[in-house]
Amino acid sequence: MKEQKQEKVTIFRKTLYGFSENPQSTTCKIHDINTEIEQHKEQDFVNLMVDIIVAMTLKQLYEEGD
């Protein structure tokens, strides 16, 4: 009996092997991936806000120093 090769997919350091598995398992993996994507979006947003605050503070200090 030949063993089937499953296509390997990597998303955000998570490796999935095809979607021919148990549907509950696939739904769980999709949920986990969506959760990780949302966490990355939130972290990117926080980093953006920090960058904006730092830039504004540095600009204000630079202008006050003149």
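This one's a predicted model, so the numbers in the text were calculated from it and none came from an experiment.
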Strictly by side chain to side chain donor-acceptor pair (under 3.5 Å), give each pair with a member in residues 42-56 just once, sequence neighbours left out.
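Listed once each, the pairs are Gln43-Asn47.
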
Between atom OG1 of Thr35 and atom CD1 of Ile30, what is the distance when rounded to the nearest 0.5 Å?
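Nearest 0.5 Å value for the OG1-CD1 distance: 11.5 Å.
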
In one Ile/Leu/Val/Met/Phe/Trp/Tyr side-chain cluster, 4.5 Å: Val54, Tyr62:
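Different clusters: Val54 never reaches Tyr62 through Ile, Leu, Val, Met, Phe, Trp or Tyr contacts under 4.5 Å.
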
Going by side chain to side chain contact (heavy atoms under 4.5 Å, CB included), name the residues that satisfy it together with Leu48, two or more places apart in sequence or in a different chain.
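So Leu48 forms a side chain to side chain contact (heavy atoms under 4.5 Å, CB included) with Ile52.
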
In chain order, what residues pass the salt bridge (charged side-chain N to carboxylate O under 4.0 Å, His left out) check against Lys59, with sequence neighbours excluded?
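Scan of Lys59 (salt bridge (charged side-chain N to carboxylate O under 4.0 Å, His left out), adjacent residues dropped) gives none.
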
